[in-house]
Amino acid sequence: MLRTTSSARRLVSRARIATPAPPRRAAMTASAAAGRRRDDSSSSSSQPPPPPPISKKSVLFLSTVWPEPHSSAAGARTTALLRAFARAGYSLSVGASAARNAASEALERGGSFCRTTPVSCFSVPLNRSSDLDAALSSSQPTVVVFDRFTSEEAFSWRVKEKVPEAARVLDMQDWHSLRRARARSVELADEKNSSSSSSSSSSSSSSSPKQQNPVSAALASRIDASDRDAVREASAIYRSDLTLVCSPVEERLLRQSLMLGSDGDDDGGKQQQQQGKLVPAPLLASRPALRSTRRRTFERRRHFVAIGSFLHAPNVDSLLWLAGRRRSDKKRKKRKEKASDGESEENENDEDETFSNSTPIWDLITSKLGMEDAELHIYGSYASKCTTAAEIHDPKRRVFVHGPAPNLSPLSRARVLLAPLRYGAGLKGKIADSWMRGTPVVTTPIGAEGMEEEMGLNKKGEGEGEGRKEGEEVEEGRRSGESLFHLSPWGGSRTSMTSHSFASEAVRLYLDEKAWTGASEEGSRLHDALYFTSKPADAAVAAVDALFSPNSSSSSSLLSARRKRDFVGASLWADSARATEYFSRWIELKEKEKEKEL
């Protein structure tokens, strides 16, 4: 351990030389290391002997938060993965930098909270190497799973140093850099629409500037190497031995953008195709969809429902579009004047109102329903910490914001789920939960992304144009928000990208019993076909287990053989590329010096 101030300064100097300026938004949150000294024997160039056979399988999940399966889709996904590892005979451990809470206590008890055996829980505060070392020593993991790329940045270098033989697995949850890129595209579209709306209102010209649809802008977003978030996330993928990807769309885009195709392992001349670093692991449901005999019928359901954590930015944005404040009195007066001149007050071609949040979808729904006494009930965790929740709650407009719904029973009572997501990534847990209870969903192409059956598209030629590459038409359809979504049935509506279109689809499903029943049945079928199955989870764990299988072409394991061929991953572990580690070491040394002075 470096104990002197001069030693600390020398280490900081080396860190600055290696990494002149850490990324502005980089997660400087790694557990700090306890020194860099090595025995002379450890620096020997001789290769270590192959690892002994694994006698006890143990997995350690590392995150900044404790998984809460009833609060978010991410928490439900983590607990589903814990169950899959338990089925494969692993002992379970979870470490989090957050303070212990009810979720960590429930994990330690096991039982109904996560439907698995008790889980060993460890507090691993950021920039405190001793606590992470204790967790690693106690759990003796053969596999370490990092929850999101920021956790990989924070903990992986210490894991590699202390338990180098353990497999390092990244669970992406969703493609964070893609979601952030889409958020920026939506923000730019909103700014453009607001600017063009102001200029057109002040101009005497009858022609108005063309508006940009924010959902279309989000779908057209692409990431590249100039995006710092994308580079950070790609680096975490390359450093990891395996990466779990929940969305088939994101898996395809990742393989294309990062050139992560399938790799081959030379097994005595026989090419055994592997998935490479990417392993599909979609959203996992713990229960099947309710049978039609147990579901509430169309007549026994009322009202609309929306659900989602208020800590997730795409959810908050969608709620503002769904039920934000009414348009200003000035705009309402202007629209009434148009109506008096013979124009419809709710003009379907009013681009200004369609593409901005000034026309909440809920206002259009209530207008179209007429005397129908429908209500909108919004449920979500951490509503009390979100100012938007208080702004939206308006009993006069029949908009009610509630707290979390642990058993999701409101989904069984509502007739339609509304999810007007303008941006986002990954699979949407709210949609799968709604389908499980037989409730149709109205959403955007962003919300439905990856949650459909492509019905063998491009396998037998259906839907392919002349000379198209595999998957090309699928991507074009997804970008347009139209073509792809006519290829297969779905549990509701998924094509709406404007306020009026969304409201029309919501009203159609709310009033048309035949359409509602068909969407309810199809949603239940898709739920069980896509998500209520242990096969994806078991396949993901099997891919992890396969890393420890012997490689017949050498005496080492497959994991060791693959690491020797992984030049990209190895280069990212070079000292010059480890800004997070060195900056974290500096933080810890600085804090310890402050503690000594006190």
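Computation of the quantities below employed the complete heavy-atom set of this structure, encompassing side-chain atoms and omitting hydrogens, waters and symmetry-equivalent molecules. Residues: numbered from 1 along the sequence shown.
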Main-chain N/O of [Y] paired with [X] side-chain donor or acceptor, under 3.5 Å:
X	Y	value
S138	A134	no
K57	A88	yes
T142	S58	yes
R222	L219	yes
E250	G426	yes
T444	L421	yes
S560	S557	no
E251	P280	no
S137	D133	no
N315	S309	yes

- Quick one: do E152 and S235 satisfy side-chain hydrogen bond (donor to acceptor under 3.5 Å, both in side chains)? Show the steps, please. CA-CA 10 Å; E152 191 278 340; S235 298; over 6 Å; no
- Query: By side-chain contact (heavy atoms from CB on, under 4.5 Å), which residues pair with S120, not counting sequence neighbours?
  - Reply: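 With neighbours one apart ignored, the set is S93, F122.
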- Message: Test of understanding: with side-chain contact (heavy atoms from CB on, under 4.5 Å), list the residues that count as partners of R100, not counting sequence neighbours.
- Response: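 Checked R100 against side-chain contact (heavy atoms from CB on, under 4.5 Å); matches are W66, S104, E108, C121, S123.
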- The single option from D545, V59, D538 passing side-chain contact (heavy atoms from CB on, under 4.5 Å) against F85: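 Only match with F85 under side-chain contact (heavy atoms from CB on, under 4.5 Å): V59.
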- side-chain contact (heavy atoms from CB on, under 4.5 Å) with D229: which of H176, R179, R180?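 The side-chain contact (heavy atoms from CB on, under 4.5 Å) with D229 is passed solely by R180 among H176, R179, R180.
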[X] and [Y]: which non-hydrogen atoms are nearest, and at how many Å?
X	Y	answer
P67	G75	CB-O, 4.2 Å
A167	F548	CB-CZ, 3.7 Å
A234	L258	CB-CD2, 3.8 Å
P141	A166	O-CB, 3.6 Å
P445	V215	CD-CG1, 4.3 Å
K56	S91	CE-OG, 3.8 Å

In Å, rounded to the nearest 0.5 Å, how long is the span from [atom1] of [X] to [atom2] of [Y]?
X	Y	atom1	atom2	value
R232	S177	CZ	OG	10.0 Å
I446	K428	CD1	NZ	7.0 Å
L244	D171	CG	CG	5.0 Å
E68	T79	CD	OG1	11.0 Å
R494	E452	CZ	CD	6.0 Å
I587	K592	CD1	NZ	13.0 Å

Mind checking whether [X] and [Y] have side chains closer than 4.5 Å, heavy atoms only?
X	Y	answer
I237	M172	yes
F61	V119	no
L132	K162	no
T243	Y238	no
I223	W175	yes
L60	V163	no
S151	T64	yes
K430	D433	no

Residues two or more places apart in sequence or in another chain: which of them pass side-chain hydrogen bond (donor to acceptor under 3.5 Å, both in side chains) with [X]?
X	answer
S97	none
D131	none
D241	R563

- Message: Can you list everything that forms a salt bridge (Lys or Arg N to Asp or Glu O under 4.0 Å) with D147? Sequence neighbours excluded, please.
- Response: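 For D147 there are no salt bridge (Lys or Arg N to Asp or Glu O under 4.0 Å) partners, ignoring immediate neighbours.
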- Task: Assign the ring pair W490 / W435 to parallel, tilted or perpendicular, where the plane angle (0 to 90°) is split at 30° and 60°.
- Result: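 Perpendicular: the ring planes of W490 and W435 meet at over 60°.
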- Query: If you measure only the distance, is there a donor-acceptor pair under 3.5 Å linking the side chains of T78 and Q173?
  - Reply: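 Yes, Q173 and T78 have a side-chain donor paired with an acceptor closer than 3.5 Å.
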- I would like to know whether V169 and V279 meet side-chain contact (heavy atoms from CB on, under 4.5 Å); could you show each step before the answer? CA-CA 10 Å; V169 179; V279 177; over 6 Å; no
- Query: Given V145 and V544, is the side-chain contact (heavy atoms from CB on, under 4.5 Å) satisfied, shown in steps?
  - Reply: CA-CA 10 Å; V145 179; V544 175; over 6 Å; no
- Task: For side-chain contact (heavy atoms from CB on, under 4.5 Å), just list the numbers for L242 and R562, CA-CA rounded to whole Å, side-chain angles, deciding distance to a tenth of an Å, and then say yes or no.
- Result: CA-CA 11 Å; L242 286 178; R562 290 180 62 173; 4.3 Å; yes
- Message: side-chain contact (heavy atoms from CB on, under 4.5 Å), that's the test. Do S584 and W157 meet it? Break it down for me.
- Response: CA-CA 11 Å; S584 180; W157 61 271; 4.3 Å; yes
- Query: Salt bridge check: are R585 and E161 linked by an N-O gap of less than 4.0 Å?
  - Reply: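 Yes, this pair counts.
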- Item | Residues D566 and K277 bridged, charged N to O under 4.0 Å |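 A salt bridge is present here (some side-chain N lies under 4.0 Å from a carboxylate O).
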